[in-house]
Amino acid sequence: MRISGARAIVEALRREKVEVIFGIPGGATIPFYDALLDSDIRHILARHEQCAAHMADGYARVKGAPGVCSATSGPGATNLVTGLATAYMDSSPVIAITGQVPRNMVGKDAFQEADIVGIVTPITKYAFQIESASQIPDAIRLAFMIASTNRKGPVLIDIPKDVQLEDVDFDYSERIKLKGYIIRTGDPHPYSIKRAIGLIMSSERPIIIAGGGVIASNASEELIKFAELIMAPIVTTLMGKGAVPEDHPLYLGMIGMHGRIESNKAIEEADLIIAIGTRFGDRTTGKLDEFGKNAKIIHIDIDPAEIGKNVKVDIPIVADAKKALSTLYSKLLEFGFSKKDSEWISRINYLKESYALNYEEKGEGLKPSKILKILRNILPRNAIITTGVGQNQMWTAIHFKIFEPRTFITSGGLGAMGFGLPAAIGAKVAAPDRPVYNIDGDGSFLMTEQDLATAVSEKIPIVSIILKNRALGMVRQWQCLFCNKRYAYTDLGNIPDFVKLAEAYGAEGIRIESYEEFEVVVRRSLSTEMPLVIEVPISPDEKVLPMVPPGKSLKEVIWYG
Amino acid sequence: MVENFHIISALVEDRPGVLFRVTSLIRRRNFNIDTITVGSTEKEGVSRITLTMRGDESIVEQLVKQLSKIPDVIKISELKPTESVYREMAIIKVLAQDSVRRSDILNYVNIFRGKIIDASKDSLTIEIVGNPNKINAFIEIMKGFGIIEMAKTGIVALQRGLKGKIE
Ligand SMILES: Cc1ncc(C[n+]2csc(CCOP(=O)(O)OP(=O)(O)O)c2C)c(N)n1
């Protein structure tokens, strides 16, 4: 089959079962877009390339398969940067296809030229430029393989415009291999398993930390079976939210800077920490020297470089979480291991009960925690939540229970404001039959608000709940707690009327003033057929608590009073 | 040799951007390397990058693990100084205006088995090859005469014996 490079890209994407591309065309991608028009791949026109990347990311996280975005050369490509960095930090398989100026102009500072491969190399799993149309099939095949195997991550392919116009004999069989890229089977090493079993059998107070890796490897079922067998409470990182249903009796809550007190306490008291698919980020561990000081640590991760990077571990298990957990489970059964209720579990339950009441907020005005509880009660278990970054994100993490994997989509590693709305659009495209709600801050929403236009044009009925505090709330909170209330430039001043803003885009906007109104609107929103923005006014003085101050150990928590 | 001196040898695919990927990662992860050299190997399409750095074992382990994640890196290992041969080359131009100094310098060049590769009325240019300790010792001495200019290659290294061949 002899076709143009542009058609070859489209054909290769079809072979990779791509259903949708999020992007914005431009001079350097005109041939590609022309070829796309003849295919059955859906194209969603974003209003900003950052959003196209976040959409692809939201899509990928919900779908568990790569999401694709596209941008033209130069400014289009550079606009992808935040989106790609977000996907990189959260190990999300995103494929970016960028146009590039023609080969004979590369390196000459041509119009709309940017060295995008150079720019994104540190924030992608792999990035490369294609030199001839004959490389296209292999390049796309390799890109999908790299993005979606081992530890997942974004890959960028840069394709000069004239390469898209050049002809190629299309052959999609495997020809080129990357010698250095070995797809790990994910099987754990028997020796580490043996040592891990020994530790597990002798521990009295084991605890499991589930990270995003559990979700990435679809290991929830294995995790629950394993935890029930060894009677270990489960806590999660921010990225691990959804790894287990949060109403499971062994579930305790999120740990870390804004973790629940009982979860952080349990980590302190444990004698064995089994960490799965987490990179021990600083927001999770607090002060490193103090983290897990009283415990032995088993660390399961598919990426060998994560082991020992931040935290010293006693037993490393380099493996896919699903395989490691099922191996541990069956070995424990082989040894006839069984555990019933223990003192440890009673202690955990006691912690859980004694702190539960503390999370009820008092005082004037609408409370974020209560808003989130009302929302949870109305939404079905499989509803998908995305968030902005800041207080809105942490309130959601603390107060909104997640019951299924891939239903909590947030920018964990990079913490990119503006993630919520476009990620929700991508999520809804991946799961059109499920409700998708973006819980956002006013500052975050305003960073990518223009893509409401995309949602309206494409009839993607997502709901954004804006916790409007008229401030860059999380920064303001730090200024309150650590800068003596010197509020430097965190008052948003003039913010738009979100109801009118939504309407201006052709979406629906509603402002609520009471819990009752909120409830009514949310119930109605379940059947909305157009994008909806719900404005929820809250006080700028609302805080996200508990909070472990940066650089402090998990027990040095700030709480009311 | 300094105790915590490490040699890391990486076989990489010879394609555009590989060296950039490696150095970009080194910068991003804040690793501090002393030398880096790149050149071809006995196998077409495969280059060898040799890095040296100082630091404790865990830093080296991280560097090796992080570099192995680059898809173009075929194989990477730390070469133990005791089990490998490693060499560096330096070209040193020293002030040598009077004959006493000149003969002193020549003496040292002989002791260190260096070579004079250029001479002018006021200077001598010396080539010296060897392990970095020897070269550093030589440079220290030459400083006394006055080094005008100097260039060093960075270290190239191979494991001793039959191990390490590219399959
Ligand atoms: C792109 C970007 N810029 C700046 C920040 C720093 N930052 C973190 S939280 C925050 C405030 C977020 O404000 P808002 O979206 O209104 O949410 P709130 O905290 O009020 O819920 C800022 C500015 C960031 N995370 N991302």
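Please read all numbers here as calculations on a predicted model, not as lab measurements.
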Can you name the ring pair (Phe, Tyr, Trp, His ring centres under 6.0 Å) partners of A:Phe144, sequence neighbours left out? none
Partners of B:Asp104 by salt bridge (Lys or Arg N to Asp or Glu O under 4.0 Å), sequence neighbours excluded? none
Under a 4.5 Å heavy-atom cut-off, does chain B meet the side chain of A:Ile307, its backbone, both or neither? both
B:Asn32 atom CG, neighbour heavy-atom count above 12 within 6.0 Å: no
Where does A:Ile146 contact chain B at under 4.5 Å (heavy atoms): side chain, backbone, both or neither? side chain
Taking atom OH of B:Tyr108 as the centre, report whether more than 12 heavy atoms of other residues, nucleotides or ligands fall under 6.0 Å from it. no
Residue pairs meeting salt bridge (charged side-chain N to carboxylate O under 4.0 Å, His left out), one or both in residues 81-94 of chain B, sequence neighbours left out, come to B:Lys93-B:Glu149
Give every donor-acceptor pair between chain B and chain A closer than 3.5 Å, one pair per line, or write none.
{"residue": "B:Glu13", "atom": "OE2", "partner": "A:Lys179", "partner atom": "N", "Å": "3.0"}
{"residue": "B:Arg21", "atom": "NH2", "partner": "A:Ala127", "partner atom": "O", "Å": "2.5"}
{"residue": "B:Arg28", "atom": "NE", "partner": "A:Pro122", "partner atom": "O", "Å": "3.2"}
{"residue": "B:Arg28", "atom": "NH2", "partner": "A:Tyr88", "partner atom": "OH", "Å": "2.9"}
{"residue": "B:Gln62", "atom": "NE2", "partner": "A:Ala305", "partner atom": "O", "Å": "2.6"}
{"residue": "B:Lys65", "atom": "NZ", "partner": "A:Pro304", "partner atom": "O", "Å": "3.1"}
{"residue": "B:Lys65", "atom": "NZ", "partner": "A:Ile307", "partner atom": "O", "Å": "3.0"}
{"residue": "B:Lys69", "atom": "NZ", "partner": "A:Asp303", "partner atom": "OD2", "Å": "2.5"}
{"residue": "B:Asp72", "atom": "OD1", "partner": "A:Tyr126", "partner atom": "OH", "Å": "2.5"}
{"residue": "B:Asp72", "atom": "OD2", "partner": "A:Tyr126", "partner atom": "OH", "Å": "3.3"}

